[in-house]
Visitor: 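Once you've had a glance at the structure underneath, I'll fire off some questions.
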Amino acid sequence: MDPIQVSNELSFRVGFSGHSGHLRVEPLSTVERPKPQQSIPDFILPPAFPRETPESITKFIEETYLQPRLDPDEFAPEKVGRQWEFDWFDRAKVPLEPSVPRTVVVPIWEPPFRRPVKETWKPKFEEVSVSDLSSGAVESGPLPRTSVKDFVRGSINNRPFRPGGLDDSQSLERTLPPGATNGEWVREILNGGPAQTIPPSLKQGLDLGALKRYPLSWNVYKDANTPKSSLDENSSGLSVQFDDLFMKAWEEDAVGEQDEDGHLSEVETVTVEAEVDTPEASSKASESGMSLDEILSADSEGSKLHLEGFSGEVGHKKKLTWAKLEASEEIADRFHELIPDMALEFPFELDAFQKEAIYYLEKGESVFVAAHTSAGKTVVAEYAFALASKHCTRAVYTAPIKTISNQKYRDFCGKFDVGLLTGDVSLRPEASCLIMTTEILRSMLYRGADIIRDIEWVIFDEVHYVNDVERGVVWEEVIIMLPRHINIILLSATVPNTIEFADWIGRTKQKEIRVTGTTKRPVPLEHCLFYSGELFKICEREIFLPQGLKAAKDASRKKHLTAGHDNARVQKRENTSRTKQHGTNFSGTGSGYHNNGNGQSRWRAEASMWLMLINKLSKKSLLPVVIFCFSKNRCDKSADGMTGTDLTSSSEKSEIRLFCDKAFSRLKGSDRNLPQVVRVQSLLRRGIGVHHAGLLPIVKEVVEMLFCRGVIKVLFSTETFAMGVNAPARTVVFDTVRKFDGKEFRQLLPGEYTQMAGRAGRRGLDKIGTVILMCRDELPEESDLKHVIVGSATRLESQFRLTYIMILHLLRVEELKVEDMLKRSFAEFHAQKKLPEMQQLLKRKLNQPTQVIECIKGEPTIEEYYDLYFEAEKYNSQISEAVLLSPNAQSFLNVGRVVVIKSESAQDHLLAVIVKTPSTNSKLYIVFVIRPDMPFPVENASGGGKSQDKSGTFDEGVFVMPKSRRGLLDEYATSVSARKGKGVVNIKLPHRGSACGMSYEVREVDIKEFLCICSRKIKVDLVGLLEDVSCSVYAKTVQLLQDLKSNGNKYPPALDPVKDLKLKEVGLVETYRKWTRLLEKMSQNQCNGCIKLAEHLKLAKEIKTHKEEVIELQFQMSDEALQQMPDFQGRIDVLKEIGCIDEDLVVQMKGRVACEMNSGEELICTECLFENQLEELEPEEVVALMSAFVFQQKNASEPSLTSRLSEAKNRLYKTAIRLGELQASFKLPISPEEYAQENLKFGLVEVVYEWAKGTPFADICELTDVPEGMIVRTIVRLDETCREFKNSAAIMGNSALCKKMEFASNAIKRDIVFAASLYITGV
């Protein structure tokens, strides 16, 4: 556009800008004139503000910011009369230190062997957070957080908080580069490294010209101390470090080396020795406070293990035990004096353990409260909530079961500012008191939720749930991951190892845990047997009463006698068959109903028995009662069998009807008429209830609330009622004391019995609670009853196991290594507790002087000889018994057979010949052994035989007859040998002597002492050896054995295991051959026959044992000794193989997706996404297929699927099989078929598909035999799975799948499945 001319030629132009064509005005440069003064406009407006000058700006800043002023709000005229408590201005001390930068630039050190060879190495630099370099600022994740929506749940992009209890040294090891601590950078400077002229993070630096290396050689000493002259030492005072004095005193060889090299002169040595006794040295020694072991461990070249062990040892010396059990009556007596201003007042007098716990909470300490059910442990949780509200912090209450969370939300809602966080519900997450499941808290810790900063207390309820095989690991993970600033409150039933568990937590978190509680029940219990319509008391106040069981047995005997002899015989036969089927007599208390022939008559008999029991309880005013049956089907059958029983009054019926109508009014019409809803309402009106996992959630809540109101008189329930609902009754009945735990039928454990029996007795209403065991046809044994009723409760045991999602989370954040998590688990507690002792033992063993073996034959080979001997012994233990006890081998063990036996000193093997085989009186062999290891000549130790006394008068054992008198066939035959022996032994065994320059021995041996059966036999004179004790016979036998040593071999060849001994087992034959070859090698070794063999073997054994002990100690103290380390290595290999992590253990995108999968098996879910198996399916089909991840019931009817769903099911199953085979290939204990079947259960695929399409709930229940409650639970969990898949799709960048997951989630959110909890909304 052409310029527009205005007055005085001030030019501008109008143009278009941007894609939308906005107008813009651009000034143009004015035309230069020869007289610019004439270009001034006719009229100039005055400026809006006066012109700013440096003086005016300085004055404004001084007046506004630098001059002291009073706050006009605080010092207003209307507040003139206000008095301050003290002078704020005089006492306020404002630090003038500059603020710490958030990041700094540090050099990246590289080892010399990784630097470029040809060019000069220049370090690179990186920007790191200051919190990474300081040990005190590692408690929180990176700042600032950007997303507000992740404040509560956290994000996969966040870094978790540093777990409490980790040593600061571990943090420094991870953050500091290796060159910053090992002194390499100092060596670079000393060796004249290149000058660094460019500052970090800048491109250019100072130009210092051509700098040259300063030609100077540096001496690096062993103690890393630069030697000084005596003049410098005298002028600078004490110049030698304290540990150097001890090093020079204890290491004489090091001083000698320094003298030889000329680095330490004689004058300086004298000076050092003189300074040891100076006052400065002694004062410095006392000030340092270091012990001798600590000084010796501070070796400059010592292993890193010493330093870590020393720091750990000091810490453990300060804290011998972290669990503090100090029951003090003073706290209870002076409670109100100690805590005058309580955060929460209670309308009743607190028990002693409650006062102790509250006192420790006020002091800010962690507490472990162990008490029986209904003893009042919730008081401690309530006070923690009140403290959090008072301190303006937060408190978190975690429970193992969702029902407990909902119930606690209702209980606390009127008292505190409470929020609720579960898998499908999020109510008021901004509240100061949060109730959540333990899995939610674990997810928040791993995902670094900002809300963790505000938490002061975490309350773990039902801590004994840590014994749960499936979910017990969650408690250990959360306890390990909690940051340092969070205090822990643990509420548990009474367990035997409370101190042990608390000590583990204290040692893990490096804080004291106060243990308190009570074993006293608020309502005492009495235990009875119900047999033949009568109650027999067998236990009262934890004391077993044998007379009650005896009375029950007398009643049983009378019952059988009155029934007649014939009927008694039939009954006994039936009982015998029932006992055989169920394995124990104790099973008769609950399994008599299994063996009736007619099912209809069986249930009628059961109904009559229940009616008899309830009438008995009603007459004795023992209602309401909870009857525990360990089967959902049995609960329903037992309740439905009580058709003619009505236990409620008219007013109670009205109350029940109004409550049910109001509760079920939130359901739509078709859902109100569900068969389960109608059936349960009819039972409730008669005062009978049912409670198990198969009920709809809203139905269960109605039953629980009505039972708490006292209008339900009889409740048939499974075990979950005792764990998940705080609703005590007057009486508890056990239908049976056997349960199916998912694998097998077994008796109840004492802890399980105590948990359920604890529901008997209502505090404040009942003086005593009654527990009844049903006995049908036979009575239990007294020992079984004692074990269950008064036996010790189940110990808290670690169920810690590695999961892929745990490994990925820890690898992703690098704040806590997987090895650290394993070390801090409860399973490794005892091993880690012994580490200080092991470190001290290792230190002592490493400081022991090394022994040296000096060989007189040259280079010592004793270690090789000892290894051969040790390996031969190992092979011998494997084959000796199998070979020698075989029938073929025993046929060779006859008189005259040459054998090799084990020496008593275990130093060498001995050549022998059998002279007498075992007899009926003795199972031992008598052998003649030559003993080169015995001193020569030797006296007979036993002193037996006159000729043996003579042998001592000869030097060489020359009992050889003249040649003229020798026989032709046998040179050494004597006239004595011609006599036939009587088979008796006239010598006292063992019989020792010497002949032909060799010591010998005749003794008894067991067949296990034989090491080898040789192929040679010799003629032996039994009469001369055993009866007449002929010296010439002994000499002849020695000579014959000596002649068998041919070609320098010490032993004759052994019998071939295949040809001679006829051994058939391949492994045994191969082992036997290896063993014989080792014996030959030992005979060829130069140590064989050495006069110092015994001494050197002993030294070699000591050296070998010392090395093995050191290696074993180092192994036990290393990460490799952890129990689950092999499993960890295998899982790491699996994650590498499928691409979740790379070779450097860096988590890839696939691994980040797997971190989102909490409800299903992470590997299968991740592979399903990355293989794009859900792409071709509709949202209804997707959510139906995903039900296989969360459905838990093993046995379900086979669903009828469409062709597309069937193909998707097969494809997903093949993926699971492939992953199972991959894990099995890396030595993980996994069966591919079991892995696929446990993690994929397709029983509800059809049901969920129809539900997502809009089918009414009543219709989908007809498609399967799965209970309605299980269907609802699966669909509710599916909504959480849909959210996880949606987040994973966002990470992958798959927008189509993200929308599909959102549509699928909306399709299942309707009607009765997602009806709000009555505990949350109220009735």
Side-chain angles (χ1 to χ4, degrees), residues 222 247 250-254 257 292-310 312-313 819 823 828 830-832 834-878 902-909 933 1071 1074-1075 1077-1079 1081-1088 1090-1123 1125-1126 1129:
K222 196 171 186 178
M247 292 296 291
W250 288 88
E251 296 185 3
E252 298 177 357
D253 54 344
E257 292 175 3
L292 180 60
D293 290 338
E294 297 165 6
I295 295 169
L296 292 178
S297 67
D299 188 3
S300 60
E301 296 180 1
S303 63
K304 179 179 170 184
L305 182 66
H306 284 0
L307 299 178
E308 292 180 353
F310 171 71
E313 176 197 345
E819 292 87 344
K823 288 179 184 177
E828 298 287 345
H830 293 290
Q832 296 297 313
K834 295 178 181 177
L835 274 184
E837 301 175 8
M838 297 171 67
Q839 289 165 354
Q840 286 293 319
L841 181 60
L842 178 63
K843 189 186 303 181
R844 290 196 297 267
K845 288 188 175 296
L846 290 176
N847 291 333
Q848 288 179 1
T850 58
Q851 298 179 348
V852 180
I853 299 176
E854 297 179 356
C855 182
I856 60 176
K857 296 183 179 182
E859 189 69 22
T861 59
I862 187 64
E863 293 188 5
E864 178 186 353
Y865 187 87
Y866 180 80
D867 293 338
L868 292 174
Y869 173 79
F870 186 77
E871 190 175 0
E873 287 295 312
K874 182 180 67 174
Y875 286 147
N876 172 63
S877 62
Q878 298 175 7
K902 184 178 180 181
S903 173
E904 294 177 357
S905 59
Q907 294 175 355
D908 204 352
H909 304 306
D933 56 335
T1071 304
K1074 290 180 180 179
W1075 178 69
R1077 286 195 294 267
L1078 284 174
L1079 295 183
K1081 288 183 179 180
M1082 290 173 62
S1083 63
Q1084 298 171 3
N1085 192 287
Q1086 70 176 10
C1087 293
N1088 188 29
C1090 177
I1091 59 175
K1092 290 191 174 183
L1093 177 62
E1095 178 185 351
H1096 288 178
L1097 270 178
K1098 184 178 179 181
L1099 286 176
K1101 183 178 180 180
E1102 292 178 359
I1103 294 173
K1104 187 82 172 179
T1105 304
H1106 180 267
K1107 290 181 179 179
E1108 291 176 352
E1109 289 176 352
V1110 169
I1111 293 174
E1112 178 64 20
L1113 282 173
Q1114 291 174 342
F1115 172 77
Q1116 293 296 334
M1117 296 169 63
S1118 66
D1119 294 341
E1120 300 299 325
L1122 299 175
Q1123 296 178 9
M1125 203 62 187
Q1129 297 293 348

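Predicted model only: the values in this text are computed from it and were never measured. Position 1 is the first residue of the sequence; numbering continues from there. These numbers come from the heavy atoms of this one structure, side chains and all, not from hydrogens, waters or symmetry mates.
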Visitor: With sequence neighbours left out, write down each residue that passes side-chain contact (heavy atoms from CB on, under 4.5 Å) with Lys1074, or none if nothing qualifies.
Guide: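 Listed in chain order: Tyr875, Glu1070, Arg1077.
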Visitor: Does Lys845 NZ have over 12 foreign heavy atoms under 6.0 Å away?
Guide: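 Yes, because the 6.0 Å sphere around NZ of Lys845 holds more than 12 heavy atoms from other groups.
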Visitor: In Å, rounded to the nearest 0.5 Å, how long is the span from CD of Gln840 to CE of Met838?
Guide: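 Answer for the CD-CE pair, Gln840 versus Met838, is 12.5 Å.
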Visitor: Do any N or O atoms from the side chain of Gln1123 and from the backbone of Glu828 form a donor-acceptor pair under 3.5 angstrom?
Guide: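 Looks like no, no N/O pair under 3.5 Å.
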Visitor: Kindly indicate, with the supporting measurements, whether the criterion side-chain contact (heavy atoms from CB on, under 4.5 Å) is fulfilled by Gln832 and Leu1122.
Guide: CA-CA 10 Å; Gln832 296 297 313; Leu1122 299 175; 4.0 Å; yes
Visitor: Less than 4.5 Å apart, any side-chain heavy atom of Ile1103 and any of His1106?
Guide: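 They are not in contact (no side-chain heavy atoms under 4.5 Å apart), so the answer is no.
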Visitor: Which residues satisfy the side-chain contact (heavy atoms from CB on, under 4.5 Å) test with Glu819, sequence neighbours excluded?
Guide: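 Per chain and number, Glu819 pairs via side-chain contact (heavy atoms from CB on, under 4.5 Å) with Lys817, Asp1119, Met1125, Phe1128.
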Visitor: Sequence neighbours left out, what passes side-chain contact (heavy atoms from CB on, under 4.5 Å) with Lys1104? Give chain and number order.
Guide: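 Lys1104: side-chain contact (heavy atoms from CB on, under 4.5 Å) contacts with Tyr866, Asp867, Glu1108.
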Visitor: Walk me through it: do Leu1113 and Gln1116 pass the test side-chain contact (heavy atoms from CB on, under 4.5 Å)?
Guide: CA-CA 5 Å; Leu1113 282 173; Gln1116 293 296 334; 5.6 Å; no
Visitor: Could you check whether any side-chain heavy atom of Gln839 comes within less than 4.5 Å of a side-chain heavy atom of Leu842, counting everything from C-beta outward?
Guide: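 No; the side chains remain at least 4.5 Å from each other.
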Visitor: Is it the case that atom CD in Glu837 sees more than 12 heavy atoms from other parts of the structure closer than 6.0 Å?
Guide: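 Open.
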